**Q** 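The structure is given below, and queries will be raised subsequently.
Source: prediction; values computed, not measured.
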Amino acid sequence: MDSISTAGGAEVMKRQNRSAVLHVLRKESPVSNAELARHTGLSVMSVSNIIKELQACDLVETTGSGESQGGRKPTLYQLHEQNWVISVAIHVDNIQTAKINPQGNIVQVEKKSICGQLRQNEWAALVCDLIDQLLENTEDQARPLGIGVSAPGPVDVDSGTMLHPPNIKAIEQWQVAALLRERYRLPVVLERDANAAALAEYWFGSSENKSSMLYVLADQGIGGGIIFQGKVYRGFLNGAGELGHHTIDMDGPKCSCGSYGCLEALASGIAMTKKAETMQNQREVPSSEKQQITLEKIFQAAMAEVPLAMQLLEESANYLGVGIANAANILNPEEIIIGGAIVHGYPAAMETISYLVNDRILYNGNNSMIIKRSQFKEEAQLVGAAAVILDHLFSKPQLLLK
(Lines give C-alpha, C1' and ligand atoms only; values in the text may rest on other atoms or scores of the structure.)
Protein backbone atom coordinates (compact mmCIF):
# COMPACT_ATOMS: atom_id res chain seq x y z
CA MET A 1 0.00 0.00 0.00
CA ASP A 2 2.81 2.43 0.90
CA SER A 3 4.56 1.85 -2.44
CA ILE A 4 1.33 2.51 -4.33
CA SER A 5 0.75 5.69 -2.31
CA THR A 6 4.35 6.83 -2.90
CA ALA A 7 4.07 6.15 -6.63
CA GLY A 8 0.81 8.08 -6.81
CA GLY A 9 2.33 11.02 -4.95
CA ALA A 10 5.32 11.05 -7.28
CA GLU A 11 3.04 11.10 -10.31
CA VAL A 12 1.06 14.02 -8.89
CA MET A 13 4.29 15.90 -8.24
CA LYS A 14 5.50 15.20 -11.78
CA ARG A 15 2.20 16.52 -13.19
CA GLN A 16 2.42 19.68 -11.09
CA ASN A 17 6.02 20.28 -12.19
CA ARG A 18 5.16 19.89 -15.88
CA SER A 19 2.22 22.23 -15.40
CA ALA A 20 4.42 24.86 -13.75
CA VAL A 21 6.94 24.70 -16.62
CA LEU A 22 4.19 24.99 -19.25
CA HIS A 23 2.75 28.08 -17.58
CA VAL A 24 6.15 29.80 -17.44
CA LEU A 25 6.80 28.92 -21.10
CA ARG A 26 3.47 30.50 -22.04
CA LYS A 27 4.07 33.71 -20.11
CA GLU A 28 7.83 34.25 -20.25
CA SER A 29 9.05 32.76 -23.57
CA PRO A 30 11.69 32.68 -24.84
CA VAL A 31 13.25 31.36 -21.65
CA SER A 32 16.29 29.29 -20.63
CA ASN A 33 16.41 26.26 -18.33
CA ALA A 34 17.98 28.40 -15.60
CA GLU A 35 15.19 30.98 -15.89
CA LEU A 36 12.56 28.22 -15.85
CA ALA A 37 14.16 26.84 -12.71
CA ARG A 38 14.10 30.28 -11.08
CA HIS A 39 10.43 30.88 -11.95
CA THR A 40 9.21 27.42 -10.92
CA GLY A 41 11.46 26.70 -7.94
CA LEU A 42 12.56 23.41 -9.55
CA SER A 43 16.15 22.27 -10.05
CA VAL A 44 17.79 22.88 -13.42
CA MET A 45 18.04 19.09 -13.85
CA SER A 46 14.28 18.64 -13.30
CA VAL A 47 13.49 21.44 -15.73
CA SER A 48 15.86 19.97 -18.32
CA ASN A 49 14.14 16.58 -18.10
CA ILE A 50 10.68 18.14 -18.49
CA ILE A 51 11.83 20.20 -21.49
CA LYS A 52 13.20 17.06 -23.19
CA GLU A 53 9.87 15.34 -22.55
CA LEU A 54 7.92 18.24 -24.04
CA GLN A 55 10.27 18.51 -27.02
CA ALA A 56 9.80 14.83 -27.82
CA CYS A 57 6.07 15.53 -28.23
CA ASP A 58 6.67 18.65 -30.35
CA LEU A 59 5.20 20.87 -27.63
CA VAL A 60 8.38 22.92 -27.13
CA GLU A 61 10.97 24.22 -29.60
CA THR A 62 14.30 26.01 -29.32
CA THR A 63 14.45 29.63 -30.39
CA GLY A 64 18.05 30.79 -30.39
CA SER A 65 20.43 31.55 -27.53
CA GLY A 66 20.37 33.92 -24.59
CA GLU A 67 23.10 36.19 -23.29
CA SER A 68 26.12 34.51 -21.72
CA GLN A 69 26.52 34.83 -17.97
CA GLY A 70 30.20 33.98 -18.16
CA GLY A 71 30.03 30.61 -19.88
CA ARG A 72 28.29 29.10 -22.85
CA LYS A 73 25.23 30.94 -24.13
CA PRO A 74 22.05 29.29 -22.80
CA THR A 75 19.55 27.72 -25.19
CA LEU A 76 16.15 29.45 -25.17
CA TYR A 77 12.84 27.60 -25.39
CA GLN A 78 9.26 28.47 -26.25
CA LEU A 79 5.98 26.66 -26.81
CA HIS A 80 5.96 25.31 -30.37
CA GLU A 81 4.40 27.89 -32.68
CA GLN A 82 2.61 25.19 -34.67
CA ASN A 83 0.47 24.20 -31.69
CA TRP A 84 -3.02 25.63 -31.33
CA VAL A 85 -6.44 24.82 -29.94
CA ILE A 86 -9.88 24.84 -31.52
CA SER A 87 -12.17 27.36 -29.90
CA VAL A 88 -15.98 27.30 -30.23
CA ALA A 89 -18.28 30.07 -29.00
CA ILE A 90 -22.01 29.40 -29.14
CA HIS A 91 -24.17 32.54 -28.97
CA VAL A 92 -27.91 33.15 -29.20
CA ASP A 93 -27.61 34.47 -32.75
CA ASN A 94 -24.31 33.06 -34.10
CA ILE A 95 -21.59 30.45 -33.78
CA GLN A 96 -17.88 31.27 -33.94
CA THR A 97 -14.93 28.89 -34.23
CA ALA A 98 -11.26 29.75 -34.27
CA LYS A 99 -7.69 28.52 -34.22
CA ILE A 100 -5.99 30.13 -31.21
CA ASN A 101 -2.41 29.64 -30.07
CA PRO A 102 -1.29 29.23 -26.42
CA GLN A 103 -0.56 32.98 -26.22
CA GLY A 104 -4.23 33.74 -26.95
CA ASN A 105 -3.66 35.02 -30.49
CA ILE A 106 -6.41 34.25 -32.98
CA VAL A 107 -4.97 32.61 -36.09
CA GLN A 108 -8.19 32.03 -38.05
CA VAL A 109 -11.91 32.61 -37.42
CA GLU A 110 -15.02 31.09 -38.97
CA LYS A 111 -18.49 32.42 -38.16
CA LYS A 112 -22.09 31.58 -39.01
CA SER A 113 -25.16 33.66 -38.13
CA ILE A 114 -28.24 31.83 -36.86
CA CYS A 115 -31.41 32.59 -38.77
CA GLY A 116 -34.72 31.30 -37.47
CA GLN A 117 -35.30 28.45 -35.04
CA LEU A 118 -32.85 25.58 -35.50
CA ARG A 119 -33.18 22.06 -34.14
CA GLN A 120 -30.40 20.59 -32.02
CA ASN A 121 -29.02 18.45 -34.87
CA GLU A 122 -28.82 21.59 -37.03
CA TRP A 123 -26.82 23.41 -34.36
CA ALA A 124 -24.51 20.39 -34.18
CA ALA A 125 -24.06 20.31 -37.97
CA LEU A 126 -23.15 24.01 -38.05
CA VAL A 127 -20.56 23.65 -35.27
CA CYS A 128 -18.95 20.67 -36.98
CA ASP A 129 -18.98 22.38 -40.39
CA LEU A 130 -17.16 25.40 -38.96
CA ILE A 131 -14.57 23.22 -37.21
CA ASP A 132 -14.07 21.25 -40.43
CA GLN A 133 -13.37 24.53 -42.24
CA LEU A 134 -10.60 25.28 -39.73
CA LEU A 135 -9.08 21.84 -40.19
CA GLU A 136 -9.22 22.03 -44.00
CA ASN A 137 -6.90 25.05 -43.88
CA THR A 138 -4.43 23.36 -41.55
CA GLU A 139 -0.93 22.39 -42.63
CA ASP A 140 -0.05 18.74 -42.13
CA GLN A 141 2.44 19.40 -39.35
CA ALA A 142 0.18 21.78 -37.40
CA ARG A 143 -1.32 20.22 -34.33
CA PRO A 144 -4.67 20.97 -32.62
CA LEU A 145 -4.27 20.15 -28.93
CA GLY A 146 -7.94 20.17 -27.94
CA ILE A 147 -11.30 21.89 -28.24
CA GLY A 148 -12.77 24.46 -25.86
CA VAL A 149 -16.46 25.35 -26.04
CA SER A 150 -18.12 28.44 -24.57
CA ALA A 151 -21.93 28.41 -24.37
CA PRO A 152 -24.83 30.08 -22.54
CA GLY A 153 -25.58 28.51 -19.16
CA PRO A 154 -26.53 26.58 -17.32
CA VAL A 155 -24.06 23.88 -18.29
CA ASP A 156 -22.79 20.69 -16.69
CA VAL A 157 -19.03 21.03 -16.95
CA ASP A 158 -18.32 17.47 -15.81
CA SER A 159 -20.46 15.82 -18.51
CA GLY A 160 -19.99 18.58 -21.09
CA THR A 161 -23.74 19.14 -21.44
CA MET A 162 -25.67 22.31 -22.20
CA LEU A 163 -28.58 21.90 -19.79
CA HIS A 164 -31.42 24.33 -20.52
CA PRO A 165 -30.22 27.72 -21.80
CA PRO A 166 -33.29 29.99 -21.46
CA ASN A 167 -32.69 31.78 -24.75
CA ILE A 168 -31.90 28.71 -26.89
CA LYS A 169 -34.56 26.15 -26.02
CA ALA A 170 -33.66 23.85 -28.94
CA ILE A 171 -30.34 22.78 -27.46
CA GLU A 172 -31.49 21.67 -24.02
CA GLN A 173 -29.58 18.64 -22.74
CA TRP A 174 -27.14 18.82 -25.67
CA GLN A 175 -24.07 16.69 -24.91
CA VAL A 176 -21.85 18.83 -27.08
CA ALA A 177 -18.51 17.75 -25.55
CA ALA A 178 -19.22 14.05 -26.17
CA LEU A 179 -20.22 14.80 -29.76
CA LEU A 180 -17.01 16.70 -30.52
CA ARG A 181 -14.78 14.28 -28.58
CA GLU A 182 -16.08 11.32 -30.59
CA ARG A 183 -15.87 13.12 -33.93
CA TYR A 184 -12.42 14.72 -33.59
CA ARG A 185 -10.67 12.41 -31.08
CA LEU A 186 -9.41 15.36 -29.04
CA PRO A 187 -9.85 16.49 -25.43
CA VAL A 188 -12.97 18.70 -25.20
CA VAL A 189 -14.10 20.98 -22.37
CA LEU A 190 -17.40 22.90 -22.18
CA GLU A 191 -17.70 26.05 -20.06
CA ARG A 192 -20.41 28.62 -19.40
CA ASP A 193 -19.84 31.73 -21.54
CA ALA A 194 -19.27 34.23 -18.73
CA ASN A 195 -16.84 31.87 -16.96
CA ALA A 196 -14.96 31.42 -20.22
CA ALA A 197 -14.76 35.19 -20.78
CA ALA A 198 -13.52 35.64 -17.21
CA LEU A 199 -10.81 33.07 -17.80
CA ALA A 200 -9.80 34.91 -21.00
CA GLU A 201 -9.16 38.03 -18.92
CA TYR A 202 -7.19 36.05 -16.36
CA TRP A 203 -5.10 34.12 -18.89
CA PHE A 204 -4.60 36.67 -21.65
CA GLY A 205 -5.78 40.02 -20.25
CA SER A 206 -4.57 42.29 -17.48
CA SER A 207 -6.04 40.36 -14.54
CA GLU A 208 -3.47 37.61 -14.17
CA ASN A 209 -2.02 38.90 -10.91
CA LYS A 210 -5.39 39.59 -9.28
CA SER A 211 -6.46 37.22 -6.50
CA SER A 212 -10.18 37.68 -7.19
CA MET A 213 -12.21 39.03 -10.07
CA LEU A 214 -15.86 39.35 -11.07
CA TYR A 215 -16.52 39.30 -14.79
CA VAL A 216 -19.88 40.61 -16.03
CA LEU A 217 -21.08 39.66 -19.51
CA ALA A 218 -23.59 42.30 -20.65
CA ASP A 219 -24.81 41.11 -24.01
CA GLN A 220 -27.99 39.58 -25.45
CA GLY A 221 -28.18 37.91 -22.04
CA ILE A 222 -26.52 38.87 -18.75
CA GLY A 223 -24.01 36.54 -17.12
CA GLY A 224 -21.27 36.58 -14.53
CA GLY A 225 -18.04 34.69 -13.93
CA ILE A 226 -16.00 34.59 -10.73
CA ILE A 227 -12.25 33.99 -10.60
CA PHE A 228 -10.88 33.11 -7.15
CA GLN A 229 -7.20 32.31 -6.59
CA GLY A 230 -6.64 31.75 -10.29
CA LYS A 231 -9.54 29.37 -10.85
CA VAL A 232 -13.18 29.67 -11.89
CA TYR A 233 -15.35 29.53 -8.78
CA ARG A 234 -18.29 27.27 -9.62
CA GLY A 235 -20.22 26.87 -6.39
CA PHE A 236 -22.63 24.05 -5.72
CA LEU A 237 -23.83 22.30 -8.92
CA ASN A 238 -21.67 24.68 -11.03
CA GLY A 239 -24.23 27.45 -10.52
CA ALA A 240 -22.11 30.31 -9.18
CA GLY A 241 -22.04 33.58 -11.10
CA GLU A 242 -25.51 33.62 -12.66
CA LEU A 243 -25.69 37.37 -12.20
CA GLY A 244 -28.43 37.80 -14.81
CA HIS A 245 -30.91 35.81 -12.78
CA HIS A 246 -30.90 37.57 -9.47
CA THR A 247 -33.98 39.69 -8.80
CA ILE A 248 -33.75 43.45 -9.21
CA ASP A 249 -37.49 44.21 -9.21
CA MET A 250 -39.93 41.81 -7.53
CA ASP A 251 -42.74 43.16 -9.69
CA GLY A 252 -40.68 43.29 -12.86
CA PRO A 253 -41.26 41.53 -16.18
CA LYS A 254 -41.14 37.77 -16.56
CA CYS A 255 -37.69 36.45 -17.42
CA SER A 256 -36.88 33.64 -19.85
CA CYS A 257 -35.81 31.57 -16.83
CA GLY A 258 -39.40 31.66 -15.50
CA SER A 259 -38.80 34.09 -12.63
CA TYR A 260 -39.76 37.78 -12.51
CA GLY A 261 -37.72 40.98 -12.38
CA CYS A 262 -34.32 39.37 -13.11
CA LEU A 263 -31.46 41.62 -14.16
CA GLU A 264 -31.50 39.91 -17.56
CA ALA A 265 -35.20 40.66 -18.03
CA LEU A 266 -34.52 44.35 -17.39
CA ALA A 267 -31.07 45.14 -18.77
CA SER A 268 -30.08 42.62 -21.47
CA GLY A 269 -29.93 43.15 -25.21
CA ILE A 270 -32.96 40.89 -25.59
CA ALA A 271 -34.87 42.96 -23.01
CA MET A 272 -34.03 46.22 -24.79
CA THR A 273 -35.09 44.81 -28.15
CA LYS A 274 -38.42 43.70 -26.70
CA LYS A 275 -39.02 47.13 -25.15
CA ALA A 276 -38.23 48.84 -28.46
CA GLU A 277 -40.62 46.52 -30.32
CA THR A 278 -43.37 47.26 -27.78
CA MET A 279 -42.82 51.00 -28.19
CA GLN A 280 -42.97 50.65 -31.97
CA ASN A 281 -46.26 48.75 -31.72
CA GLN A 282 -47.74 51.30 -29.32
CA ARG A 283 -47.04 54.06 -31.83
CA GLU A 284 -49.26 52.21 -34.33
CA VAL A 285 -46.63 52.34 -37.05
CA PRO A 286 -48.00 50.94 -40.35
CA SER A 287 -46.74 47.41 -41.06
CA SER A 288 -44.96 48.60 -44.20
CA GLU A 289 -42.88 51.04 -42.13
CA LYS A 290 -42.06 48.76 -39.21
CA GLN A 291 -38.40 47.86 -38.81
CA GLN A 292 -36.88 44.70 -37.47
CA ILE A 293 -35.26 45.94 -34.29
CA THR A 294 -31.86 44.59 -33.29
CA LEU A 295 -29.40 45.53 -30.58
CA GLU A 296 -27.01 46.82 -33.25
CA LYS A 297 -29.71 49.18 -34.57
CA ILE A 298 -30.30 50.48 -31.05
CA PHE A 299 -26.56 51.25 -30.78
CA GLN A 300 -26.61 53.04 -34.14
CA ALA A 301 -29.64 55.11 -33.13
CA ALA A 302 -27.94 56.05 -29.85
CA MET A 303 -24.85 57.20 -31.77
CA ALA A 304 -27.18 59.39 -33.81
CA GLU A 305 -28.54 60.72 -30.47
CA VAL A 306 -32.04 59.33 -30.97
CA PRO A 307 -33.61 59.95 -27.51
CA LEU A 308 -35.51 56.64 -27.35
CA ALA A 309 -32.41 54.56 -28.02
CA MET A 310 -30.35 56.52 -25.51
CA GLN A 311 -33.10 56.08 -22.94
CA LEU A 312 -33.15 52.30 -23.43
CA LEU A 313 -29.39 52.04 -23.08
CA GLU A 314 -29.21 54.32 -20.04
CA GLU A 315 -31.94 52.31 -18.32
CA SER A 316 -29.96 49.17 -19.03
CA ALA A 317 -26.78 50.75 -17.64
CA ASN A 318 -28.62 51.83 -14.48
CA TYR A 319 -29.97 48.34 -13.86
CA LEU A 320 -26.53 46.88 -14.53
CA GLY A 321 -24.94 49.30 -12.09
CA VAL A 322 -27.35 48.29 -9.33
CA GLY A 323 -26.99 44.56 -10.08
CA ILE A 324 -23.20 44.70 -10.19
CA ALA A 325 -23.08 46.71 -6.95
CA ASN A 326 -25.20 44.01 -5.27
CA ALA A 327 -22.75 41.34 -6.46
CA ALA A 328 -19.75 43.44 -5.39
CA ASN A 329 -21.13 43.80 -1.87
CA ILE A 330 -21.53 40.02 -1.62
CA LEU A 331 -18.24 38.98 -3.26
CA ASN A 332 -15.97 41.98 -2.59
CA PRO A 333 -13.69 41.19 -5.57
CA GLU A 334 -10.39 42.93 -6.19
CA GLU A 335 -11.48 43.79 -9.70
CA ILE A 336 -14.67 43.98 -11.78
CA ILE A 337 -14.43 43.60 -15.55
CA ILE A 338 -17.43 44.28 -17.74
CA GLY A 339 -17.61 42.89 -21.25
CA GLY A 340 -20.18 42.15 -23.92
CA ALA A 341 -21.97 44.07 -26.64
CA ILE A 342 -23.69 46.60 -24.35
CA VAL A 343 -20.53 48.23 -22.98
CA HIS A 344 -18.67 47.98 -26.29
CA GLY A 345 -21.58 49.17 -28.45
CA TYR A 346 -22.52 51.95 -26.00
CA PRO A 347 -19.30 53.05 -24.22
CA ALA A 348 -21.16 55.64 -22.12
CA ALA A 349 -22.68 52.74 -20.18
CA MET A 350 -19.35 52.26 -18.37
CA GLU A 351 -19.52 55.73 -16.83
CA THR A 352 -23.04 55.10 -15.49
CA ILE A 353 -22.19 51.62 -14.20
CA SER A 354 -18.94 52.72 -12.53
CA TYR A 355 -20.65 55.64 -10.79
CA LEU A 356 -23.46 53.47 -9.42
CA VAL A 357 -21.16 50.67 -8.28
CA ASN A 358 -18.76 53.04 -6.50
CA ASP A 359 -21.70 54.88 -4.95
CA ARG A 360 -23.32 51.72 -3.58
CA ILE A 361 -20.52 49.41 -2.44
CA LEU A 362 -19.69 49.40 1.27
CA TYR A 363 -16.01 48.43 1.18
CA ASN A 364 -14.27 50.91 -1.07
CA GLY A 365 -11.63 52.67 0.98
CA ASN A 366 -8.24 54.00 0.00
CA ASN A 367 -7.65 51.17 -2.45
CA SER A 368 -10.74 51.52 -4.62
CA MET A 369 -12.14 48.48 -6.36
CA ILE A 370 -11.01 48.43 -9.98
CA ILE A 371 -13.89 48.59 -12.48
CA LYS A 372 -12.98 48.43 -16.15
CA ARG A 373 -14.21 47.38 -19.55
CA SER A 374 -12.99 44.10 -21.02
CA GLN A 375 -10.16 44.42 -23.52
CA PHE A 376 -11.87 41.75 -25.63
CA LYS A 377 -14.90 42.66 -27.70
CA GLU A 378 -16.92 40.15 -29.71
CA GLU A 379 -14.06 37.66 -29.33
CA ALA A 380 -14.29 37.45 -25.51
CA GLN A 381 -16.04 34.09 -25.35
CA LEU A 382 -14.01 32.77 -28.27
CA VAL A 383 -10.70 33.61 -26.59
CA GLY A 384 -12.24 32.38 -23.35
CA ALA A 385 -12.98 28.97 -24.83
CA ALA A 386 -9.29 28.71 -25.74
CA ALA A 387 -8.33 29.61 -22.18
CA VAL A 388 -10.72 26.92 -20.90
CA ILE A 389 -9.15 24.07 -22.88
CA LEU A 390 -5.59 25.32 -22.27
CA ASP A 391 -6.29 25.57 -18.54
CA HIS A 392 -7.53 21.97 -18.63
CA LEU A 393 -4.53 20.71 -20.64
CA PHE A 394 -1.94 22.63 -18.63
CA SER A 395 -3.38 21.28 -15.37
CA LYS A 396 -3.32 17.74 -16.80
CA PRO A 397 -0.20 17.81 -19.00
CA GLN A 398 -0.26 14.02 -19.37
CA LEU A 399 -2.99 14.62 -21.96
CA LEU A 400 -0.49 16.57 -24.07
CA LEU A 401 2.14 13.84 -23.94
CA LYS A 402 0.02 11.20 -25.67
Side-chain angles (χ1 to χ4, degrees), residues 23 26-27 87 89 103-104 148 150 152-153 155 157 189 191-219 221-236 238-246 263 267 317 320-344 349-351 353-358 360-392 394-395:
H23 277 290
R26 180 181 70 83
K27 292 183 286 187
S87 183
Q103 286 72 41
S150 163
V155 303
V157 174
V189 179
E191 183 58 270
R192 187 166 60 85
D193 51 8
N195 285 345
L199 210 55
E201 294 289 343
Y202 188 80
W203 266 63
F204 304 121
S206 59
S207 300
E208 187 174 1
N209 296 320
K210 300 294 186 294
S211 62
S212 61
M213 181 256 285
L214 170 65
Y215 181 91
V216 179
L217 179 62
D219 210 286
I222 306 292
I226 304 165
I227 299 292
F228 180 68
Q229 294 183 346
K231 294 292 182 183
V232 173
Y233 176 73
R234 304 187 186 284
F236 182 58
N238 295 319
E242 284 288 3
L243 186 68
H245 297 289
H246 81 277
L263 180 61
L320 283 166
V322 172
I324 294 168
N326 290 343
N329 279 326
I330 294 169
L331 299 171
N332 195 221
E334 188 175 352
E335 184 173 73
I336 298 172
I337 297 181
I338 307 170
I342 292 174
V343 292
H344 290 293
M350 278 301 300
E351 185 177 346
I353 293 168
S354 297
Y355 171 78
L356 285 167
V357 172
N358 281 311
R360 289 169 177 258
I361 54 178
L362 295 177
Y363 294 94
N364 197 23
N366 295 330
N367 297 318
S368 295
M369 191 178 295
I370 298 168
I371 305 169
K372 61 185 182 183
R373 187 169 59 174
S374 167
Q375 70 182 67
F376 302 107
K377 295 183 180 179
E378 62 269 16
E379 299 91 7
Q381 291 100 297
L382 198 62
V383 175
V388 166
I389 185 63
L390 286 167
D391 187 59
H392 175 73
F394 278 30
S395 66

**Q** Looking only at heavy atoms, what is the nearest atom pair of Pro333 and Ala328, with distance?
**A**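 Closest pair (atom of Pro333, atom of Ala328, distance): CD-O, 3.9 Å.
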**Q** With a 3.5 Å distance limit and no angle check, can you tell me whether Glu334 reaches the backbone of Ser211 through a side-chain donor-acceptor pair?
**A**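 Answer holds: yes.
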**Q** Just verifying a value: how many Å separate Ile324 CD1 and Leu243 CG, rounded to the nearest 0.5 Å?
**A**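 It is 6.5 Å, given to the nearest 0.5 Å.
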**Q** State the CG-CD1 distance between Leu320 and Ile338, to the nearest 0.5 angstrom.
**A**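 Here the rounded value is 7.5 Å.
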**Q** Ser87 side chain to Leu382 main-chain N or O, any donor-acceptor pair under 3.5 Å?
**A**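 Pair found, side chain donor or acceptor close to backbone of Leu382.
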**Q** Rounded to the nearest 0.5 Å, what's the gap from CD on Glu191 to NE2 on His392? Could you check?
**A**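 Reported value, rounded in 0.5 Å steps: 12.0 Å.
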**Q** His344 and Phe376: side-chain contact (heavy atoms from CB on, under 4.5 Å), yes or no, with the steps?
**A** CA-CA 9 Å; His344 290 293; Phe376 302 107; over 6 Å; no
**Q** Shortest non-hydrogen contact from Gln103 to Arg26?
**A**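 Closest heavy-atom pair between Gln103 and Arg26: NE2-O, 4.0 Å.
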**Q** How long is the straight-line distance from CD1 of Ile330 back to NE2 of His246, given to the nearest 0.5 Å?
**A**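 So the gap between those two atoms works out to 7.0 Å.
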**Q** Step by step, work out the side-chain contact (heavy atoms from CB on, under 4.5 Å) result for Asn238 and Asn195.
**A** CA-CA 10 Å; Asn238 295 319; Asn195 285 345; over 6 Å; no
**Q** Given 3.5 Å as the limit, does a donor-acceptor pair link the side chain of Asp219 with the main chain of Ala341, or not?
**A**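 Side chain of Asp219 to backbone of Ala341, a donor-acceptor pair under 3.5 Å: yes, one is there.
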**Q** Identify the two heavy atoms, one from Tyr215 and one from Ala380, that lie closest to each other, and give their separation to 0.1 Å.
**A**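 Shortest heavy-atom separation between Tyr215 and Ala380 comes out as OH-CB, 3.9 Å.
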**Q** Can you see which heavy atom on Ala349 is nearest to which on Val343, and at what distance?
**A**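 Distance-wise, the nearest heavy atoms are CB-CG1, 4.4 Å.
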**Q** Mind checking the CZ-CZ spacing from Arg192 to Arg234? Nearest 0.5 Å is all I need.
**A**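 One gets 9.0 Å once the value is rounded to the nearest 0.5 Å.
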**Q** At what distance, to the nearest 0.5 angstrom, does NZ of Lys372 lie from OG of Ser354?
**A**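 Here the rounded value is 12.0 Å.
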**Q** Of all the heavy-atom pairs spanning Arg360 and Asn329, show the shortest one and how long it is.
**A**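 Taking every non-hydrogen atom into account, O-ND2, 3.2 Å.
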**Q** Between Asp391 and Lys231, does the side-chain contact (heavy atoms from CB on, under 4.5 Å) criterion hold? Intermediate values first, please.
**A** CA-CA 9 Å; Asp391 187 59; Lys231 294 292 182 183; 3.5 Å; yes
**Q** Applying side-chain contact (heavy atoms from CB on, under 4.5 Å) to Val232 and Ile227, what does each step give before you reach the verdict?
**A** CA-CA 5 Å; Val232 173; Ile227 299 292; 3.9 Å; yes
**Q** So which atom in Ala327 and which in Leu214 form the shortest heavy-atom distance, rounded to 0.1 Å?
**A**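 Scanning both residues completely, I find the closest heavy atoms to be CB-CD2, 3.9 Å.
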